[in-house]
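These figures come from a predicted structure and were not determined experimentally.
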Amino acid sequence: MQVMTVKGPYDLERLNVTDVVEICDNTRKVATEFRLNGELVRRDVAVSMLMPPESAAMTEGVLS
Amino acid sequence: MANTTAICTSFKNELMLGAHQFGSVTIVSRTSLTAPTTDSFKAALYLVSATYGASTTAYSATGEVSGTNYSAGGVSVTNATAPTTSGTTAFWTPSASIVYTTVTLSTAFDSVLIYNSTQSNRAVLVYNFGSTTVTAGTLTLTMPSNAAGTALINLA
């Protein structure tokens, strides 16, 4: 299987592939890095948006 | 059974459907009042150095990422599922992941702006997912579960 990189297509076997996982407050981010002889030649990122940015503030029960 | 003070759930949903108009606003024609079209939405990416957020009113190219295979304005958002309600919450989420294919974005970016490209590029929301870069790869933004409380937009 070949992977397209900044240096053209390379066999996956020739590349060192690592996943870097980051978990923030509201997201889970996985960066898949492909390195050729130590040089970064491709980086894919998958972001899972786990939560809404905020709940819209529609205040109820404000009448006194 | 007593009456209760509440904003009606159907109203929250209808806000996202554009059914109410409390003030005047200039919009792009939706062709027909009885069989209107759905607006189109897009998603643009912004650099870490940009300052988009709650005060953002519309898409702008200022601070937007640039790089191989990325077009200014970003990509289209798939909107095949209309807003709906559950309990007293109205909610909406794009119906597919937002994908930027085979891009190289070398300068760190951290946010996506979803905006209404039909209605004068009016801003909908900004989502900060943390600083990242992409090299000759694909950026996939997977949406949260489209349910009350977890959907991308919740009117609770």
For the hydrophobic clusters of this structure (ILVMFWY residues joined by side-chain heavy atoms under 4.5 Å, transitively), does one cluster hold both B/Y70 and B/F41?
yes

For A/P52 versus B/T150, what's the shortest heavy-atom pair and its separation?
CD-O, 3.6 Å

Joint cluster assignment, A/V20 & A/V17, ILVMFWY side-chain distance < 4.5 Å
no

Starting from B/L15, can I reach B/I7 by hopping between I/L/V/M/F/W/Y residues whose side chains sit under 4.5 Å apart?
yes

Heavy-atom distances under 4.5 Å only: say whether B/T133 touches chain A with side chain, backbone, both or neither.
both

Quick one: which of A/V45, A/L40, A/L50 has the most heavy-atom pairs under 4.5 Å with chain B, could you say?
A/V45

With a cut-off of 6.0 Å (strictly less than), are more than 12 heavy atoms of other residues, nucleotides or ligands near CZ of A/R14?
no

A/V3 versus chain B, heavy atoms under 4.5 Å apart: side chain, backbone, both or neither?
neither

Would you say B/Y52 ends up clustered with B/I153 if hydrophobic residues are merged whenever their side chains have heavy atoms under 4.5 Å apart, either directly or through other cluster members?
no

Output the distance between atom CG (A/N26) and atom OH (B/Y127), rounded to the nearest 0.5 Å.
3.5 Å

Can you confirm whether the side chains of B/T132 and A/R43 place a donor and an acceptor under 3.5 Å from each other?
yes

Portion of B/F129 that has a non-hydrogen atom of chain A nearer than 4.5 angstrom:
both

Any sub-3.5 Å donor-acceptor pair from A/D44's side-chain atoms to B/G137's backbone N or O?
no

Chain A heavy atoms under 4.5 Å from B/S131: which part of the residue, side chain, backbone, both or neither?
backbone

Does a sphere of radius 6.0 Å around CG in B/L33 hold more than 12 heavy atoms from other residues, nucleotides or ligands, not counting ones at 6.0 Å or beyond?
no

Do A/P53 and B/L152 make a side-chain contact, defined as non-hydrogen atoms from C-beta onward lying under 4.5 Å apart?
yes

Let me confirm one number: the CE-CG distance from A/M51 to B/N154, rounded to the nearest 0.5 Å.
8.5 Å

Answer yes or no: does atom CZ of A/R35 have more than 12 heavy-atom neighbours from other residues, nucleotides or ligands under 6.0 Å?
yes

Please tell me whether B/V75 and A/V47 are part of a single hydrophobic cluster in this structure, the criterion being side-chain heavy atoms less than 4.5 Å apart.
yes

Working to the nearest 0.5 Å, report the span between CD1 of B/I98 and CE of A/M49.
6.0 Å

Is it the backbone or the side chain of A/T5 that comes under 4.5 Å from a heavy atom of chain B, or both, or neither?
backbone

Atom group of B/V103 that falls short of 4.5 Å from chain A, counting heavy atoms:
neither

Who among B/V126, B/T135, B/T142, B/T89 has the most heavy-atom pairs with chain A under 4.5 Å?
B/T135

